[in-house]
Amino acid sequence: MQIQPTASHFIDGKYVEDTAGEVIEVIYPYTGKVIATLHAATPAIVGQALDAARRAQKEWAGWSATERGRVLRRAADIMRARNHDLSVLETYDTGKPYQETSVADATSGADALEYFGGLAASITGEYIPLGDDFVYTRREPLGVCVGIGAWNYPTQIACWKGAPALACGNAMVFKPSETTPLSALKVAEILCEAGAPAGVYNVIQGYGAVGASLITDPRVDKVSLTGSVPTGRKVYAAAAEGIRNVTMELGGKSPLVIFDDADLESAVSGAILGNFYSSGQVCSNGTRVFVQNGIKDAFLKRLTERLAGVKMGDPQDPDVNFGPMVSEKQRDIVEGFIAKGIAEGATLVCGGKRPDMPGFFLEPTVFADVSDDMTIARDEIFGPVMSVFDFDTEEEALMRANDTIYGLAAGVFTADLTRGHRMAAGFAAGTCYINTYNDAPVEAPFGGSKLSGVGRENSKAAIEYYSQIKSVYVRMGDLEAPF
Ligand code: NDP
């Protein structure tokens with residue numbers, strides 16, 4: 001399979017290169033070897049992409065919504081048909097095991113394209129009667145949207161931002177993380193092949209500076225970021241200067257509360273999915289696991305037994321179910337947190353080390369006896385590190401669960417139906433789970449409260465963030481004036 005793309009950027013319907021841009025080396029996290037070399041966008045490339053998007057957006061917005069939707073649905077079909085190759089590429093890009101990428105990345109991107117393709121034609125305004133007079137509203141595109149992505153779900157993020165943007169009649173310039181620049185190029189190629197006019201969806205590469213230059217450009221109408229809170233602060237502030245519309249999908253430190261009446265096996269599954277999927281590099285992970293005192297020992301015992309089922313190795317091997325971290329740098333950061341956890345007095349139940357094998361691996365790590373003020377309890381780690389806390393009562397669990405600057409997600413495992421709903425109502429988080437964790441179907445809104453973000457992706461809610469309402473007042477009779 002060809003890993004090196006034809007060129008670094010995809011602009012106006014074709015691959016474009018400018019070797020004057022800073023070199024970006026793509027490293028396969030399993031071997032540590034360079035598998036592709038790209039170049040960051042120069043100001044000329046940024047300008048080319050924005051000009052193409054501005055021009056194409058006008059044409060695209062003039063199409064009927066049914067035609068636009070058809071393009072998106074065709075792109076979804078192409079993605080599904082190429083799922084294997086796209087999954088292999090996503091695995092090279094991120095190091096996530098093929099066992100995951102083959103069911104969670106191009107497939108999730110295709111879901112978004114299909115869903116918003118289907119929705120496009122029903123994006124309409126409303127009619128507001130005022131006696132004989134009336135007002136009607138038009139739901140119009142914003143114009144040129146900039147998408148900036150994190151490195152954990154490059155294909156999914158490119159589609160979660162692109163699909164609603166395009167359905168509403170916008171054009172997009174997408175900048176992937178420089179750590180994982182490959183997959184988004186394929187999304188651009190596929191959209192073009194599906195019939196999107198050249199320039200409607202462009203991908204340019206770059207480090208943070210390229211993203212920063214896009215945000216303040218007068219040709220840009222909206223910025224959608226998936227990234228960390230510190231980057232979110234900078235991007236939000238820069239967008240504010242031009243009063244630009246934003247979507248901010250940022251980090252989290254989400255709680256997962258397990259009551260003693262919960263089905264233990266399901267609760268352990270939830271904790272595993274919410275901490276170790278994608279080697280823990282998931283924004284909504286439930287990394288603060290509150291376990292009611294009566295079942296703490298049983299929970300830790302079963303969790304440790306189940307973690308013996310982890311199979312590390314070449315992530316392209318379909319039997320491997322746990323991949324390396326995305327980069328050496330990210331592994332170093334996570335190791336720093338593990339050292340802090342030990343130094344601050346948490347009990348290391350299992351993991352914590354690099355296994356003796358190639359790749360940026362870190363064992364799935366579980367800490368118990370974690371107190372709320374420890375660093376590992378407060379900071380987003382973004383790696384395979386679970387912290388287990390004890391609690392006694394529902395009130396206590398809810399109060400401690402909400403004691404965080406973040407508000408992305410929260411989960412509860414209990415057999416008591418009313419308690420499950422009470423907890424969900426009480427959680428200060430944008431996405432809550434009862435007896436499950438980390439589902440992200442395109443039909444449901446996804447996003448955070450507090451520092452975890454602004455706006456929602458997926459579902460009909462995303463339309464609000466990629467369109468604007470225009471009100472048109474119509475008078476049927478004569479108009480009077482005082483003089
Ligand atoms: P970063 O915040 O480091 O980077 C996100 C993106 O922003 C990258 O493309 C980055 O480019 C770019 N960027 C960095 N600085 C600037 C700037 N000043 N202006 C414009 N763009 C900039 O996040 P990571 O890539 O490390 O991803 C991990 C983070 O993303 C975690 O906090 C995680 O929780 C969050 N995340 C949130 C999700 C959600 O939906 N809420 C989903 C997935 C991840 P470059 O990489 O080149 O520096």
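The figures here come from the full heavy-atom set of this structure, side chains too, leaving out hydrogens, waters and symmetry mates.
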Have Lys460 and Ser122 got a donor and an acceptor in their side chains that come within less than 3.5 Å? no

Distance only, no hydrogens: is a donor on one side chain within 3.5 Å (strictly under) of an acceptor on the other, for Glu90 and Ser183? yes

So, Thr101 and Thr91: side-chain donor and acceptor under 3.5 Å apart, yes or no? yes

Side-chain donor-acceptor pair present, Asp439, Thr436, cut-off under 3.5 Å: yes

Look only at the side chain of Glu100 and the backbone of Ser278, and say whether a donor-acceptor pair between them is shorter than 3.5 Å. yes

Any side-chain heavy atom of Leu191 sitting closer than 4.5 Å to one from Val200? no

Under 3.5 Å, side chain of Arg331 to main-chain N/O of Leu362, donor-acceptor pair present? no

Side-chain donor or acceptor of Glu380 paired with backbone N/O of Gly252 under 3.5 Å: yes

Side-chain H-bond candidate by donor/acceptor type, Thr247 with Lys222, under 3.5 Å: yes

Is there a donor-acceptor pair under 3.5 Å between the side chain of Thr137 and the backbone N or O of Glu126? yes

Is it true that Ser87 and Asn83 share a donor-acceptor pair across their side chains at a distance under 3.5 Å? yes

Let's go through Glu114 and Leu72 carefully: what are the C-alpha distance in whole Å and the side-chain angles of both, what is the deciding distance for side chain to side chain contact (heavy atoms under 4.5 Å, CB included) to 0.1 Å, and is it a yes or a no? CA-CA 6 Å; Glu114 184 172 8; Leu72 298 185; over 6 Å; no

Where Tyr207 and Ala40 come nearest, the two heavy atoms and their spacing: CD1-CB, 4.3 Å

Atom pair CG (Leu408) and OG (Ser284), whose distance is rounded to the nearest 0.5 Å: 5.5 Å

A side-chain contact here means heavy atoms from C-beta on lying under 4.5 Å apart; do Leu303 and Met386 qualify? yes

When you measure from the side chain of Gln316 to the backbone of Val88, do you find a donor-acceptor pair of N or O atoms at a distance under 3.5 Å? yes

Could you measure the distance from the CG atom of Leu166 to the CG atom of Leu113? Nearest 0.5 Å is fine. 8.5 Å

Shortest non-hydrogen contact from His9 toward Gln205: ND1-N, 3.1 Å

d(Leu182 CG, Asp93 CG) to nearest 0.5 Å is 4.0 Å

Go through the steps for Phe10 and Tyr15 under the test ring pair (Phe, Tyr, Trp, His ring centres under 6.0 Å), then give the verdict. CA-CA 4 Å; Phe10 192 92; Tyr15 277 98; 5.1 Å; yes

Got a salt bridge between Lys353 and Glu335, using NZ or NE/NH1/NH2 to carboxylate O under 4.0 Å? no

Going by an N to O cut-off under 4.0 Å, is there a salt bridge joining Arg82 and Asp77? no

Supply the atom-to-atom distance Met172 CE to Trp60 CH2, rounded to the nearest 0.5 angstrom. 13.0 Å

I'd like to check Lys311 versus Phe322 (side-chain heavy atoms, cut-off strictly below 4.5 Å). Are they in contact? no

Heavy-atom pair with the smallest gap, counting every atom of Gly411 and Phe427: O-CZ, 3.5 Å

Could you check whether any side-chain N or O of Asn245 sits under 3.5 Å from a backbone N or O of Asp221, counting only pairs where one atom can act as donor and the other as acceptor? no

Regarding Ser269 and Arg306, do their side chains bring together a donor and an acceptor under 3.5 Å, going by distance alone? yes

Rounded at 0.5 Å granularity, tell me how far CD1 in Ile381 sits from CD in Gln281. 12.5 Å

Quick check: does any side chain N or O of Asn458 sit under 3.5 Å from a backbone N or O of Glu443, one acting as donor and the other as acceptor? no

Just by distance, do the side chain of Arg68 and the backbone of Trp63 share a donor-acceptor pair under 3.5 Å? yes

Assess the pair Tyr92 and Tyr28: is the distance between their ring centroids shorter than 6.0 Å? yes

Is there a side-chain contact between Tyr127 and Val135 in this structure, where contact means two heavy atoms from C-beta onward sitting under 4.5 Å apart? no

Among pairs that include at least one residue of residues 7-36, which meet salt bridge (charged side-chain N to carboxylate O under 4.0 Å, His left out), considering only residues two or more places apart or in two chains? Asp12-Arg55

Asp51/Arg219 under salt bridge (Lys or Arg N to Asp or Glu O under 4.0 Å): CA gap, chis, key distance, verdict: CA-CA 8 Å; Asp51 284 343; Arg219 287 164 286 189; 2.9 Å; yes

Is the distance from the ring center of Phe382 to that of Trp151 below 6.0 Å? yes

Going by heavy atoms in the side chains, are Leu225 and Val246 under 4.5 Å from each other? no

Is Thr365 reaching over with its side chain to a backbone N or O of Glu363, donor-acceptor style, under 3.5 angstrom? yes

Have Thr226 and Trp160 got a donor and an acceptor in their side chains that come within less than 3.5 Å? no

Starting at OG of Ser279, measure out to CG of Asn152 and round the result to the nearest 0.5 Å. 11.5 Å

Does a side-chain N-to-carboxylate-O contact under 4.0 Å join Lys470 and Glu140? yes

Contacts of Arg139 that satisfy salt bridge (charged side-chain N to carboxylate O under 4.0 Å, His left out) - sequence neighbours left out: Glu464

Answer whether the closest heavy-atom distance between the side chains of Tyr136 and Val474 falls below 4.5 Å. yes

So, is the end of the Lys96 side chain (NZ or CZ) under 6.0 Å from the ring centre of Tyr153 and within 45° of the ring's axis? yes

Could you tell me whether the side chains of Tyr406 and Ser449 share a donor-acceptor contact shorter than 3.5 Å? no

Checking Glu189 now: which residues fulfil salt bridge (charged side-chain N to carboxylate O under 4.0 Å, His left out) with it, not counting sequence neighbours? Lys186

Closest non-hydrogen contact found for Asn285 with Leu273 is OD1-O, 4.0 Å

Residue pair Val366, Phe276: steps toward the side chain to side chain contact (heavy atoms under 4.5 Å, CB included) verdict: CA-CA 10 Å; Val366 178; Phe276 301 126; 4.0 Å; yes

Nearest heavy atoms of Gly21 and His39, plus distance in Å: O-ND1, 2.8 Å

Only counting residues at least two apart or in another chain, list the ones meeting side-chain hydrogen bond (donor to acceptor under 3.5 Å, both in side chains) with Thr375. Glu344

Between Leu250 and Ser228, which heavy-atom pair has the shortest distance, and what is it? CD2-O, 3.6 Å

Hey, does Cys168 have a side-chain heavy atom less than 4.5 Å from the side chain of Ile463? yes

Can you sort out the partners of Ala53 under side chain to side chain contact (heavy atoms under 4.5 Å, CB included), two or more places apart, ordered by chain and number? Val144, Ala171, Val173, Asn202

Taking only residues two or more places apart in sequence, or in another chain, which ones meet Asp85 in a side-chain hydrogen bond (donor to acceptor under 3.5 Å, both in side chains)? none

Has Ser254 got a side-chain atom pairing as donor or acceptor with Gly286's backbone, closer than 3.5 angstrom? no

Using a cut-off of 6.0 Å, state whether more than 12 heavy atoms not belonging to Lys340 lie near its atom NZ. no

Residue pair His84 / Tyr98, side-chain heavy-atom distance below 4.5 Å: yes

